[in-house]
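Notes to accompany the following structure.
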2 protein chains.
Amino acid sequence: MTAVSGSPANGRAKLADVAKLAGVSVGTASKALSGSGRMRPETRQRVLAAVEALDFRPNQYAQSLHTGRSWTVGLMTTDGIGRFSTPVLLGAEDALGAGKISVLLCDTRGDAIREQHHLRNLMDRRVDGIIVTGRRTDPRPPLTGVERVPTVYALSPSTDPDDMSVVSDDHSGAQLAVEHLLATGRTRIAHVTGPAHHAAARDRARHTVDLLERNSLELATGRVHFGEWSEAWGRRAAEAVLRTAPDTDAFFCGNDQIARGVADALRENGTDVPGRIAIVGYDNWDIMALACRPPLTTIDTDLTEIGRQAALRLLSAIGSEPHPGLHAVPCRLVVREST
Amino acid sequence: MTAVSGSPANGRAKLADVAKLAGVSVGTASKALSGSGRMRPETRQRVLAAVEALDFRPNQYAQSLHTGRSWTVGLMTTDGIGRFSTPVLLGAEDALGAGKISVLLCDTRGDAIREQHHLRNLMDRRVDGIIVTGRRTDPRPPLTGVERVPTVYALSPSTDPDDMSVVSDDHSGAQLAVEHLLATGRTRIAHVTGPAHHAAARDRARHTVDLLERNSLELATGRVHFGEWSEAWGRRAAEAVLRTAPDTDAFFCGNDQIARGVADALRENGTDVPGRIAIVGYDNWDIMALACRPPLTTIDTDLTEIGRQAALRLLSAIGSEPHPGLHAVPCRLVVREST
DNA sequence: GGTCACTGAGCAAACCTTTTCCTAGGTGAC
DNA sequence: GTCACCTAGGAAAAGGTTTGCTCAGTGACC
């Protein structure tokens, strides 16, 4: 099984084969490829031709062993891979792929043991950086034991404000929704959202109240309706709101499922949407927003962009230009027929 | 920047540090760790203690460089990462993670150029194997240029029957649905499904017709209703079916969205579900099946299991025990209130 | 003509682990 | 007491690439 040196016949070509064919030393061949080192153009040409002829591809393990760089980042999703982490993941993969970096996927299923296990694995593989993403917007404790590895938290920020975090800008989301409703002449706005123990629900609600106050308005029912992120809750809440404040002329909902529930309830009791009551959702989850009757005006959180931004920050941190702190990606308003 | 040999002070410990601390040679230390080689138990103990003391972790690049194994597999999703590929991906990640193997994620977005690019990347990284997954059940052409690397196709089988493919068993799905409906006394069953140019729609329809024939029955409307995978199509189709065959007593739908559309249409024209008409969906997409009124009886395709099976087959192929051919994972029936 | 500067290219160490081969010492048997 | 065998452990090569250093040659300038 001795490798016949100089012959790439058994297995793939290595740099020594290239060098031999080009009539130069291994070192020179390496320099020709990396572009470093000075040499006659014709020499470089010869090497490049040999590379072509042998279909040479450098052994990444040998490279990484030497340089210490793996051209790999770890992507840890802490809550399973779901509706929220998927677009983030895609955005990140896209931005990293452009930089010749591959993504190692780790799913912790929310289990701390598993997280620790994956983390060790990533460190063993000498990843250049790590992106951590979750499905909730509540802050999470930072990873432990990654001191030397740049880390970016996407969607779920780190509780440590000096870490790099990229999140969705709930303020801009609430603002877009409220201003859109005001612009279309609505003034008696109800807010139906998820559980109060979710930061996403709390934050969006707070900003909504603030924005209304700034316009000398208050919520139609005088309070926020916290509940669940479900259609069923949307339906129940719609009825409750109309019982309390029959003159409500708009619903701003904490997500698209709730909004769809509201829309269903209104349609079934014969209320004209958007004629009498307008509805704005949140997330722009196409499957909900488009299937809704009428199709839903909603806030797009641009999760893919959050993933991209996270990746870009990670890349610059790997290039030793860290931008620590929290970075909020603004939302976009998507107008459809419910307003 | 000379490494002070024997001192792991600058950077992480290497095997030489461990050996020095344990008072043995590097080779012996390696043998102690791998369990190979014979040595006095006390010597092995000393090495292990040194490993512990220095928190030594072997350099995977050095290992891979030597052994040629990367303990990594590529996971290519060809249609973006969506509702279907995600569970497959999780199942695979789970099974592989147990085998100390990490997953490199590649998303081709359905672009052949991108696929080729990622493929080269995976080959450069000397992955031990590749799992290819898509969102459609239609067969896809096999990857080109991966001769030496075991490959498993999940969800979308390869057109080459000698490749390893793991798919969902549409026959079992149709069978479970039809037999369940027959068992609950339904005999005039309509089938509403997606576009005829999707293998999933065609196959499920074909099996449904076959199974009815075997029971000397035929479809309520005499034909399959091909359309789109959408709620809107479900609503339209439900009305069309009832116009043609008012005595229809069950709908078997090609996916849960269509089923939900059917359910909505029936509820809105006052038809009792499941009293007068039963509905069975397909996919067990919780977000649809649970939000449906009434909650949907449906076929669970067990995508996670498909991912797991694909990973297991890949592992055994890597261990040079390939099981070529098509492997179909059976579905499960999930009974809820729509039947 | 001699020295200097510069350029093109090769040599060899380093990156870290695994594995094969080998040695030295010890033990048991005859 | 000698020989053969066995065992623990060491030395070194291999795996493929990068890079700093060295060396030889060439042209220019004094």
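Because only heavy atoms are used, hydrogens play no part in the values below, and waters and symmetry mates are left out as well, while side chains stay in. Only a predicted model underlies this, so the values are computations on that prediction, with no experimental measurement involved. Numbers restart at 1 for each chain; the letters A, B, ... are given by sequence-line order, proteins then strands.
Proximity note for A:R38 (side chain, C-beta onward) versus D:dG9, C:dG10, C:dT7: the nearest is C:dT7. The side chain of B:K31 approaches C:dC21 more closely than any other nucleotide in the set C:dT17, C:dC11, C:dC21. Picking from C:dG10, D:dG9, C:dT17 the nucleotide with the shortest atom distance to the side chain of B:A62 gives C:dT17.
Under the salt bridge (Lys or Arg N to Asp or Glu O under 4.0 Å) criterion, A:R57 pairs with B:D124, not counting sequence neighbours. By the side chain to side chain donor-acceptor pair (under 3.5 Å) test, B:T304 is found to be paired with no residue, residues two or more places apart in sequence or in another chain being considered.
Checked for salt-bridge contact, A:D302 and A:R308 miss the test: no charged N lies under 4.0 Å from a carboxylate O. Electrostatic pairing of B:D163 and B:R140 does not count as a salt bridge here, judged by no charged N lying under 4.0 Å from a carboxylate O.
Of all heavy-atom pairs spanning A:T133 and A:S85, the tightest one is OG1-CB, 3.9 Å.
Protein atom NZ of A:K14 is 8 Å distant from nucleotide atom P of D:dT17, rounded to whole Å. Summarising the geometry, the separation between CE on B:M39 and P on C:dG25 is reported as 19 Å, rounded to the nearest angstrom. At whole-Å resolution of the value, CG in A:N59 and P in C:dC15 are 18 Å apart. When rounded to the nearest whole Å, the span between CD of B:Q60 and C1' of D:dG16 equals 18 Å. Across the protein-nucleic acid pair, B:D124 atom CG and D:dG16 atom C1' stand 14 Å apart, rounded to whole Å. Here D:dG10 presents its P atom at 9 Å from CZ of B:R46, a figure rounded to the nearest Å. Remark: P of C:dT19 and CG of B:L33 are 12 Å apart, rounded to the nearest angstrom. The distance from atom CD of B:E42 to atom C1' of D:dT7 is 14 Å, rounded to the nearest whole Å.
Between A:S30 and D:dT17 there is no side-chain N or O to OP1 or OP2 distance below 4.0 Å. Note on A:Q63: every side-chain N or O is 4.0 Å or more away from OP1 and OP2 of D:dG16. An OP1 or OP2 oxygen of C:dT19 is reached within less than 4.0 angstrom by no side-chain nitrogen or oxygen of B:S36. Contact annotation: A:R40 side-chain N/O to C:dA9 OP1/OP2 distance is under 4.0 Å.
With A:T77 as the fixed residue, the side-chain contact (heavy atoms from CB on, under 4.5 Å) test singles out one of A:D107, A:L155, A:V88, A:V132: A:D107.
Here the OG atom belonging to A:S102 is positioned 10.5 Å from the CG atom belonging to A:D128, to the nearest 0.5 angstrom.
Comparing A:T67 and B:S25 by the nucleotide of DNA chain D whose heavy atom lies nearest to each, the residue mapping closer to the 5' end is B:S25.
When the local axes at the two ends of the helix from C:dG1-D:dC30 to C:dC30-D:dG1 are compared, using 5 base pairs at each end, they differ in direction by 60° after rounding to 10°.
Residue-level contact check: A:T43 touches the backbone only, with heavy atoms under 4.0 Å from sugar-phosphate atoms and none from bases.
For B:H66 and C:dT17, a side-chain-to-base donor-acceptor distance below 3.5 Å is absent, hydrogens and geometry of angles not being considered.
Proximity of B:L119 to B:M76: side-chain heavy atoms (C-beta onward) are separated by under 4.5 Å at one or more points.
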